[in-house]
Amino acid sequence: MEPAPARSSFPPMANTASSLPRFLTRKGVPLWRDVEVLKWTAQIVSAALVIWFVYFFISNVIRAANARNLGLGYGFLDNAAGFPIAESVVPYDPSRSFGYALWVGFLNTVKVSLVGIVLATVLGLFIALARLSTNWLVSNLAGIYINIIRNVPLLVQLFIWYFAVFQKLPPVRNAIALPGPVYLSQRGLYMTGPAPTETFRAWLVFVVAAVVLAGVLHRLLLRYQVQTGRTTYPLLSATAVLLGLPLIGWLAVGSPPLTITRPVLERFNFVGGLRLTPEFVALLVGLVIYTSAFIAEVMRGGILAVHKGQVEAAKALGFSTPQTLRLIVLPLALRVIIPPLISQYLNLTKNSSLAVIIGYPDLFFVGRTIINQAGQAVPVFLLIMAVYLSLSLFTSAVLNVYNRKVQLVER
Amino acid sequence: MKAKLSFLVSTVVVVALLAAACAPATPAPAPQEQPTAAQEQPAAAPAAQEQPTAAPAPAAQKILDAVKARGKVVCGVHTSLPGFGYLDANGKNMGFDIDLCRAVAAAVFGSPDAAEFVPISAAERGPALQTREVDMVPRNMTWTSTRDAQWGNFTHVMFYDGQGMMVRADSGFKTLEDLNGATICVTTGTTTEQNLADAFRERGLTFTAVTFEDTSAVYSAYEGGRCDAATSDKSQLAAVRSGFANPNDHVILEITMSKEPLAPAVPAGDDQWFDLVKTVLWVLINAEEMGVTSQNVEEMKNSPSLPVRRMLGVEGSFGQEDLGLSKDFAVNVIKAVGNYGEIYDRYMGPNGLSFTLDRGLNNLWTNGGLIYAPPLR
């Protein structure tokens, strides 16, 4: 190692002789043996290669597109899509544009990813705790689950869930009726549930206000209690606001904002009620089960990383086992868990594109259809890539903020 | 420091190797040594692209030359559609569409086996043509104006079809109106999918679509009961129905929702290859019209009929040289796969390998159908 150079950055080429790089003015060491020269040469050469590489691919695509008279523009997104989409969060019909169809696909991706992330986290936590259990049977069952699920490709699992499980449910005429009533058939899961009416939007304002107010109130009362030592019942007051305000709203908006809808069997299908399609359920179950096995291992690692002394200290202070877990172990474990957990969330989101094989109309599925119906492969694929990339970056940005909050603050 | 340097060097080597490996596939652009210039280029290029080009960009290589150099015709085909493109018990590609590919192979190489079959899904047909991944797509594909403009060149209608609807026999459905509110299985990325939406919208009916990319997934979902009906070209429905466990439990409704001219297509921008594939198809049709079959093709060389003698390359010419084919290529084609009627009957005739479908519109024009080819001369 040579002594640290006085200047760490390479001066620009345009400089005058007085400020030439040191290796030009220094005597003794030949240029090809000067570490600094070698270092910078390697950097420049590799940068040039990378840029050339990127340039080569971009120009190749453009040249190929020109040679084949393929447009690379996005004007086609305004044309009518003309194809049906099986399920949609927002109203859709084939007269809407290609761009709107992509939006429908995007929302379907977000839907399955969000629900999947929540469920996979909960299931993963339970499996991690089971794996760590001192009960031999529970611990080994969890171990078997983790090993089987992690080592079978997700694509295979999705095929099994869709074609071997959900497609083999009884036909809609002989649907399994569960109390509720809830009907389970190969056309999906039909449930009794609330449906919004015209006054729902007005009522929603009250609900949002209640959530915000309850949160603020809880915080303020808790701080007051900590500062003064007087009991202020923060949880009780917050709950009262959370329930009371929507109730007032319910009465204020006039007609009830929600009604109960029940699925009724008509000529073809059940009509009414809340409905989950078998495609959605198969994808959700497949993703949740697969990802939960990885999340379980991440969480187990995090929990094991908490020093034994912390648990012993909690025990010595008289904490019960659930209390120890909730108040001591999990908060400490979170610091280790969150970074790998983020990457599992991203995996789940990206893996949802496998929906294409079981007919769930996610972003990738709709994108593939548009490529075919509009004949625009390159623009659509670029768009899909950009959307998945932004989705992933957004997820990790949000979780990184949370991560910074739970990290150890060194004082 | 040393470790870092060697890592850098090895990275450079790997990147260089990758670049080298990629370069021969397409003629590399003039290598840009200065990174600054390279960065500006891609930004400038899209602008240039919008200027109207005076002449269409010359194709990199003629397809016929590429085919001859490769020794094989590469066809993008269906592998799970009985009658049109499927695998037989020995795993051999068979079917109405496959035989056209073999006919082209026989025309170019004299042997129907000089063909390579690449399975492509419905959604991959356009991109496969646009990128010239395949030399031709004989796979059953509806000819539409948009596809012709975007995908490639459609040669000549080989099969006149119409969109139909298959339902369970015990459902008692007869019309589209009976299907109001039904769940319908359909392949995504097809004209069928759009026609279905149009047909229901026109009539003010509603339906729920269940779509898959994979044709076999569509029908397994329908057969399993996921959908009340499945829709596609009638020939395809007949083909699929023949493969069901209980074909008689399903009926194809009388209604025809659209016209579906199925035509083989070739990549755009190569007229010679376009004409070659067209001519091979015309030979098949003309051969049936003239009564030349795979059995009697040798005897027919002595036929007094001049059109027959011209087609078989005995005397005169119908443009074989301009297409880059041998004078007697029609003999090879007919010997290899037979004439149009023979191909049809092989798979869909009264004793067809796959199923029986009345020729209807696909009869020769002389027999009241629509199959008609320009004269060979």
Side-chain angles (χ1 to χ4, degrees), chain A residues 1 35 38-39 42-56 58-60 62-70 72 82-86 93-95 163 167-168 171-172 186-187 266-269 271 277-279 356-359 361 365 368-369 371-377, chain B residues 1 5 8-9 11-12 15-16 18-19 22 26 28-29 31-33 35 38-39 41-42 45-46 49 53 56-57 59-60 122-123 125-127 130-131 146-147 150-151 181-183 188-189 193-194 196-198 201 207-214 217 220-221 224-226 228 267-269:
Chain A
M1 278 289 195
V35 174
L38 289 178
K39 206 166 74 181
Q43 295 277 6
I44 290 167
V45 168
S46 50
L49 274 170
V50 167
I51 290 167
W52 177 78
F53 208 53
V54 171
Y55 166 73
F56 170 75
I58 293 177
S59 63
N60 194 36
I62 291 171
R63 200 184 48 247
N66 281 343
R68 285 152 204 164
N69 280 326
L70 292 182
L72 288 176
F83 58 87
I85 296 181
D93 69 78
S95 61
F163 289 104
Q167 284 287 293
K168 297 293 177 246
V172 70
Q186 63 186 179
R187 298 278 170 90
E266 289 195 354
R267 278 174 64 230
F268 293 105
N269 276 325
V271 173
T277 63
E279 289 79 25
V356 75
I357 58 144
I358 56 169
F365 183 100
R368 300 254 316 174
T369 307
I371 286 171
N372 204 260
Q373 301 292 22
Q376 303 281 354
Chain B
M1 191 67 80
L5 247 183
L8 262 177
V9 170
T11 316
V12 167
V15 170
L18 272 175
C22 293
T26 42
Q32 303 285 337
E33 291 305 331
Q39 273 170 325
Q41 282 301 94
Q49 173 221 344
T53 36
R125 294 173 299 186
Q130 288 170 331
T131 59
T146 310
R147 286 180 178 177
Q150 287 177 344
W151 288 6
T183 307
T188 185
E193 180 184 35
Q194 294 174 312
L196 172 71
D198 289 354
R201 215 167 90 206
F207 72 102
T208 311
V210 175
T211 54
F212 299 90
E213 265 196 18
D214 184 15
S220 85
R226 175 72 184 86
D228 300 301

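FYI, side chains are in, hydrogens and waters are out, and symmetry mates aren't considered; it's all heavy atoms of this structure. Chain identifiers are assigned alphabetically (A, B, ...) following the order of the sequence lines, protein sequences preceding nucleic acid strands; residue numbering begins at 1 within each chain.
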Between B/T188 and A/R368, does a side-chain contact (heavy atoms from CB on, under 4.5 Å) hold up when you go through it step by step? CA-CA 9 Å; B/T188 185; A/R368 300 254 316 174; over 6 Å; no
For the side chain of A/Q186 and the backbone of B/G224, is there at least one donor-acceptor N/O pair under 3.5 Å apart? yes
When the 4.5 angstrom heavy-atom criterion is applied to B/A221 and chain A, the contacting part is both
For B/T208, is it the side chain, the backbone, both or neither that has a heavy atom under 4.5 Å from a heavy atom of chain A? side chain
Partner residues of A/R187 under the side chain to side chain donor-acceptor pair (under 3.5 Å) criterion, sequence neighbours left out: A/N269, B/D228
Can you list everything that forms a ring-ring contact (aromatic ring centres under 6.0 Å, His included) with A/F365? Sequence neighbours excluded, please. none
Using 0.5 Å steps for rounding, measure from the CD atom of A/Q373 to the OG1 atom of B/T146. 9.5 Å
Over all heavy atoms of both residues, which pair between [X] and [Y] is shortest? Give the atoms and the distance, please.
X: B/G189; Y: A/T369; value: N-CG2, 4.0 Å
X: A/F163; Y: B/A217; value: CZ-CB, 4.1 Å
X: B/R201; Y: A/P94; value: NH1-C, 4.0 Å
X: A/N372; Y: B/P127; value: ND2-CD, 4.5 Å

